[in-house]
Amino acid sequence: MSELYIRVAEDENEEPMEIPSEDDGTVLLSSVAAQFPGACGLRYRNPESQCMRGVRLVEGVLHAPENDWGNLVYVVNYPKDNKRKMEEIDAASAVKIKRGFQKTSDLIVLGLPWKTTEQDLKDYFSTFGEVIMVQVKRDVKTGNSKGFGFVRFTDYETQTKVIAQRHMIDGRWCDCKLPNSKACPDEPMRSRKIFVGRCTEDMTTDDLRQYFMQYGEVTDVFIPKPFRAFAFVTFADDQVAQALCGEDLIIKGISVHISNAEPKHNNIRQLFPNFPGGSASLAAMFDRSQYQFPSFHV
């Protein structure tokens with residue numbers, strides 16, 4: 001009998017693949033398994049009864065039904081446990097492939113001690129994984145640290161692990177996180193100012209300046225008068241400001257909330273329902289054209 005090919009698919013609805021037969025018209029199970037790893041047999045749908053039938057398998061050799069393979073599409077059989085395991089392996093591989101395409105980003109490290117150097121940062125973060133880059137931000141004129149820096153890792157999983165915890169660096173707890181521009185690419189950073197809510201009257205501009213200097217260089221602090229339980233802090237670096245947004249911090253024993261210094265007007269009434277003059281006056285105060293932050297307020 002001349003060589004022929006039978007049509008084999010992993011599922012009835014999938015496009016079949018042609019598998020070669022032997023000289024005697026049989027098909028080796030090994031030929032099927034070479035294209036469908038883990039295969040243990042074949043089945044087909046009977047044209048008359050529409051029921052699935054198994055193909056006879058003897059010592060690794062598949063025999064044609066009634067000695068004729070015909071134009072049917074034969075479906076691969078898998079052991080149930082092996083099929084489940086293969087599906088799990090495929091799913092795990094897909095996750096690994098997906099993760100492999102996720103690129104790492106520069107992470108901002110907040111609250112660095114003034115004495116911390118690039119080598120100190122590299123030595124510390126190398127314990128988590130391979131480090132591509134470290135940088136301590138410094139004042140151009142003095143060369144002194146600004147209290148924050150950046151780190152980047154080779155592996156995305158390492159980056160995820162580092163972000164998920166706080167870090168004790170040179171005796172101080174530091175936070176390592178994605179700058180808001182990376183975490184929310186649709187909302188680019190626009191301001192170096194932060195809004196400090198839930199302030200108390202005993203908090204002075206000096207108190208706020210001293211506290212926020214641990215995160216980076218502070219260029220301006222403003223507390224409105226009359227007192228309205230909030231303040232504004234401006235940093236030299238916008239990445240520091242944006243990285244702090246959304247945080248709850250403890251200042252003089254009081255929990256304050258940090259948010260963007262320019263809330264949308266349609267959210268102001270919700271944030272300050274009892275503000276004198278209503279949302280319109282507060283909106284005007286937040287508007288860039290009407291509300292400035294001169295340095296003499298400090």
Self-check item: Asn46 side chain near Glu48 side chain, heavy-atom distance below 4.5 Å
Solution: yes
Quiz prompt | Contact check, side chains of Glu118 and Lys122, non-hydrogen atoms, under 4.5 Å | solution = no
Quiz prompt | Crowding at CG, Asp248 (>12 non-hydrogen neighbours, <6.0 Å) | solution = yes
Exercise. Following the transitive rule for hydrophobic clusters with a side-chain heavy-atom cut-off under 4.5 Å over Ile, Leu, Val, Met, Phe, Trp and Tyr, establish whether Val73 and Leu29 coincide in one cluster.
Key: no
Exercise. Tell me, please, which residues at least two apart from Tyr44 pass ring pair (Phe, Tyr, Trp, His ring centres under 6.0 Å).
Key: Tyr74
Quiz item: Counting heavy atoms not belonging to Glu66, are there more than 12 under 6.0 Å from its CD?
Solution: no
Quiz item: Side-chain heavy atoms under 4.5 angstrom apart, residues restricted to Ile, Leu, Val, Met, Phe, Trp, Tyr: same cluster for Ile258 and Ile254?
Solution: yes
Quiz item: Has Glu15 got more than 12 heavy atoms of other residues, nucleotides or ligands less than 6.0 Å from its CD?
Solution: no
Practice problem: With rounding to the nearest 0.5 Å, note down the distance linking CG in Asp220 to NZ in Lys193. | Solution: 8.0 Å
Practice problem: Please list all pairs passing the side-chain hydrogen bond (donor to acceptor under 3.5 Å, both in side chains) test where one or both residues lie in residues 167-176, with sequence neighbours left out. | Solution: Thr116-Asp170, Tyr124-His167, Arg166-Asp175
Quiz prompt | Under 3.5 Å donor-acceptor, Gln159 side chain and Ser105 backbone | solution = yes
Self-check item: Single hit among Asp207, Thr204, Thr200 for side-chain hydrogen bond (donor to acceptor under 3.5 Å, both in side chains) with Lys252
Solution: Asp207
Quiz item: Got Phe212 and Leu249 here, is their nearest side-chain heavy-atom distance under 4.5 Å?
Solution: yes
Quiz item: With a 4.5 Å limit on heavy-atom distance, are the side chains of Val131 and Phe153 in contact?
Solution: yes
Self-check item: Any side-chain heavy-atom pair of Thr26 and Val58 under 4.5 Å
Solution: no
Quiz item: Can you tell me how far the SG atom of Cys51 sits from the CZ atom of Arg43, to the nearest 0.5 Å?
Solution: 13.0 Å
Quiz item: With side chains defined as the heavy atoms from C-beta onward, is the minimum distance between Cys174 and Pro113 less than 4.5 Å?
Solution: yes
Quiz item: Do Leu42 and Met52 share a hydrophobic cluster, counting only Ile, Leu, Val, Met, Phe, Trp and Tyr and linking them when any side-chain heavy atoms are less than 4.5 Å apart?
Solution: no
Quiz item: With sequence neighbours left out, what residues match Phe235 under ring pair (Phe, Tyr, Trp, His ring centres under 6.0 Å)?
Solution: none
Self-check item: Test item: Ile250 and Ser255 side chains (from C-beta on) under 4.5 Å apart, heavy atoms
Solution: yes
Quiz prompt | Cluster link Ile132 to Ile108, ILVMFWY, side chain under 4.5 Å | solution = yes
